[in-house]
Amino acid sequence: MKLQESGENYLETILLLRQRQGHVRSIDVATELGFSKPSISRAIGILKSAGYVQVGEGGNILLTEAGQQKAEAVYERHRLISRYLVLTLGVPAEIANADACRIEHIISQESFDQIKAFVAREDGEGR
């Protein structure tokens with residue numbers, strides 16, 4: 001299933017919240033994204049139907065294996081695009097981060113692969 005930008009954002013947010021606080025509930029996602037709880041509940045239902053999340057005891061949202069992989073891929077694109085904008089264009093980190101949040105959903109795999117290789121070389125990972 002091809003996720004829309006909003007679905008990718010939800011998965012990325014769940015991943016980051018879990019890393020930060022160890023557990024995630026709908027209210028946590030709503031607070032983080034500034035959306036209403038009913039909107040988040042609907043989105044979680046869609047992600048659950050698509051096999052990306054499970055909802056456990058106490059409303060704890062868990063990423064499935066597919067959800068974890070997708071969330072990590074989106075977050076990797078976000079981090080590397082942001083880093084690329086800072087390194088190559090001198091964009092301030094806050095602006096680069098906001099721009100990366102939009103670009104990460106539409107960039108081609110070919111362009112992303114080149115950005116990833118460039119950032120790795122610049123950060124000394126290619127040596």
Begin with the C-alpha distance, continue with both residues' side-chain angles, and end with the deciding distance and a verdict on side-chain contact (heavy atoms from CB on, under 4.5 Å) for N9 and H105. CA-CA 9 Å; N9 280 336; H105 305 288; 3.0 Å; yes
Sequence neighbours excluded, the answer for side-chain contact (heavy atoms from CB on, under 4.5 Å) partners of I27 is R25, T31, K37
Examine L47 and Y75 and state if one hydrophobic cluster contains both, with Ile, Leu, Val, Met, Phe, Trp and Tyr joined whenever side-chain heavy atoms are less than 4.5 Å apart. yes
Salt bridge (Lys or Arg N to Asp or Glu O under 4.0 Å) pairs, two or more places apart, involving residues 11-24: R20-E32
Check D28, L62, I44 against I14 for a side-chain contact (heavy atoms from CB on, under 4.5 Å) and give me the one that passes. I44
Side chains of I61 and Q54: does their closest heavy-atom pair fall under 4.5 Å? no
Would you say E8 and R77 make side-chain contact, with heavy atoms under 4.5 Å? yes
Taking side-chain contact (heavy atoms from CB on, under 4.5 Å) as the definition, give me every residue that meets it alongside E72, ordered by chain and number, with sequence neighbours left out. L15, Q68
V53 and L11: side-chain contact (heavy atoms from CB on, under 4.5 Å), yes or no, with the steps? CA-CA 8 Å; V53 300; L11 291 176; 4.0 Å; yes
Going by the ring-ring contact (aromatic ring centres under 6.0 Å, His included) test, which pairs reach into residues 10-36, not counting sequence neighbours? none
Only counting residues at least two apart or in another chain, list the ones meeting side-chain contact (heavy atoms from CB on, under 4.5 Å) with S36. P38, S39
Taking all non-hydrogen atoms of both residues, which atom of S82 and which atom of A93 are closest, and how far apart? OG-O, 4.4 Å
Among residues two or more places apart or on two chains, list those pairs meeting salt bridge (Lys or Arg N to Asp or Glu O under 4.0 Å) that have a residue in residues 98-119. E76-K116
Which heavy atom of S26 sits nearest a heavy atom of I40, and at what distance? O-CG2, 3.6 Å
Looking at residues at least two apart in the chain, or sitting in another chain, which of them share a side-chain hydrogen bond (donor to acceptor under 3.5 Å, both in side chains) with E57? none
Restricting to side-chain contact (heavy atoms from CB on, under 4.5 Å), what partner residues turn up for A66, sequence neighbours left out? Y52, T64
Once side-chain hydrogen bond (donor to acceptor under 3.5 Å, both in side chains) is applied, do any residues pair with S41, and if so which ones, sequence neighbours excluded? none
Do L33 and L17 share a hydrophobic cluster, counting only Ile, Leu, Val, Met, Phe, Trp and Tyr and linking them when any side-chain heavy atoms are less than 4.5 Å apart? yes
I'd like to know whether CD of Q109 has more than 12 heavy-atom contacts from other residues, nucleotides or ligands below 6.0 angstrom. yes
Quick test of your reading of the model: are E65 and K70 salt-bridged, counting only N-O distances below 4.0 Å? no
For F118, what are the other residues in its hydrophobic cluster, where any two members join if their side-chain heavy atoms are less than 4.5 angstrom apart? L80, I81, Y84, L85, L87, L89, V91, I95, I103, I107, F112, I115, V119
